[in-house]
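I have placed the structure first, in the form of structure tokens, so that the comments after it can refer back to it.
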Number of protein chains: 2
Amino acid sequence: MATHQSAGFAALADPTRRAVFERLARRPLSVQQIADGLPVSRPAVSQHLKVLAAAGLVAHDRDGTRRVYRVDMRGIAAMRGYLDRFWDHALAAFKAAAEKEETDA
Amino acid sequence: MATHQSAGFAALADPTRRAVFERLARRPLSVQQIADGLPVSRPAVSQHLKVLAAAGLVAHDRDGTRRVYRVDMRGIAAMRGYLDRFWDHALAAFKAAAEKEETDA
DNA sequence: ACTTACGGTAAGATATCACTTACCATCTGC
DNA sequence: GCAGATGGTAAGTGATATCTTACCGTAAGT
């Protein structure tokens with residue numbers, strides 16, 4: 001999973017798909033409800049949800065024929081973990097460089 | 001910048017480009033050095049670096065005719081900030097749901 | 001059983017992306 | 001000034017992504 005990061009970043013790279021994700025973050029919605037709020041067709045929304053689900057960023061519950069989608073924390077956690085690694089590393093390198101600068105001066 | 005998140009996610013969505021970024025995280029490298037360690041041509045690396053730079057994920061210093069690229073913390077910070085918003089929100093919603101579940105039971 | 005609402009999937013068109021080779025500009029050292 | 005090294009950019013190509021319409025399956029209500 002740690003080597004599979006493409007899915008998450010690719011999922012949030014598309015503006016329409018990120019809009020879907022952001023709306024689900026506000027509150028769970030059905031497919032139709034998402035489509036109503038966006039300038040794309042319902043099948044397009046279904047396809048976006050498929051990509052988001054594959055990245056672990058959304059999940060859904062059934063309610064009759066409806067599917068209520070919601071954000072899935074696991075995907076967010078994976079992406080945060082990936083970025084945190086580089087953040088920590090870059091921060092450590094920055095601090096080391098700053099201290100070296102100070103010692104040299 | 002906060003509404004311009006596509007650049008960062010799109011930049012890290014491509015496996016080759018993410019490989020470039022990860023190598024720069026280990027240590028600063030010239031364009032040629034990056035290309036030597038990857039199965040793509042040097043111009044391809046230049047193009048990837050352009051995308052990463054536009055997303056604020058890398059920067060470079062001059063050393064004669066060479067350009068030594070390094071990671072730029074600002075881009076990482078922006079992406080972390082974006083994800084953290086959703087993380088905090090999802091975590092709060094999860095806790096609220098868990099407590100409600102407990103109250104109902 | 002029939003109708004309606006909901007939503008996933010297929011097929012196809014257009015746009016965008018990542019890569020290549022070719023070319024050009026800049027800086028260094030002789 | 002010349003030669004070599006370094007790297008950005010242009011043009012073209014093949015692959016991929018996103019969208020559309022059309023179609024099909026499933027669940028609920030009458």
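What you see is a predicted model, and the numbers here were worked out from it, not measured in a lab. Chain identifiers are assigned alphabetically (A, B, ...) following the order of the sequence lines, protein sequences preceding nucleic acid strands; residue numbering begins at 1 within each chain.
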note: B/Lys50, atom NZ; D/dT9, atom C1'; distance rounded to Å ~ 7 Å
Would one find a side-chain N or O of [X] under 4.0 angstrom from OP1 or OP2 of [N]?
X	N	result
A/Thr65	D/dA27	no
A/Ser41	D/dT20	yes
B/Tyr69	D/dG8	yes
B/Arg67	D/dG8	yes

Practice task
Answer yes or no: side-chain N or O of B/Gln33 and base N or O of D/dT6 forming a donor-acceptor pair under 3.5 Å.
Solution key: no
Fill in: hbond_proxy A/Arg42 side chain to C/dG8 base (donor-acceptor, 3.5 Å cutoff)
yes
Between the NE2 atom in B/His48 and the CG atom in B/Asp14, the distance rounded to the nearest 0.5 Å is 5.0 Å
In this structure, OH of B/Tyr82 is separated from CD1 of A/Ile76 (nearest 0.5 Å) by 9.0 Å
Could you work out which one of [options] sits closest to the side chain of [X]?
X	options	value
A/Arg66	D/dA22, C/dA18, C/dG7	C/dG7
B/His48	C/dC19, D/dG7, D/dT20	C/dC19
B/Val40	C/dA18, C/dG8, C/dT20	C/dT20

Exercise for the section: Look at all strands and tell whether B/Arg17 reaches a base, only sugar-phosphate, or nothing, counting heavy atoms closer than 4.0 Å. Expected result: sugar-phosphate
Sequence neighbours left out, cut at 3.5 Å: what donor-acceptor pairs do the side chains of residues 52-64 of chain A make with other protein atoms?
residue, atom, partner, partner atom, Å
A/Asp61, OD2, A/Arg70, NE, 2.9

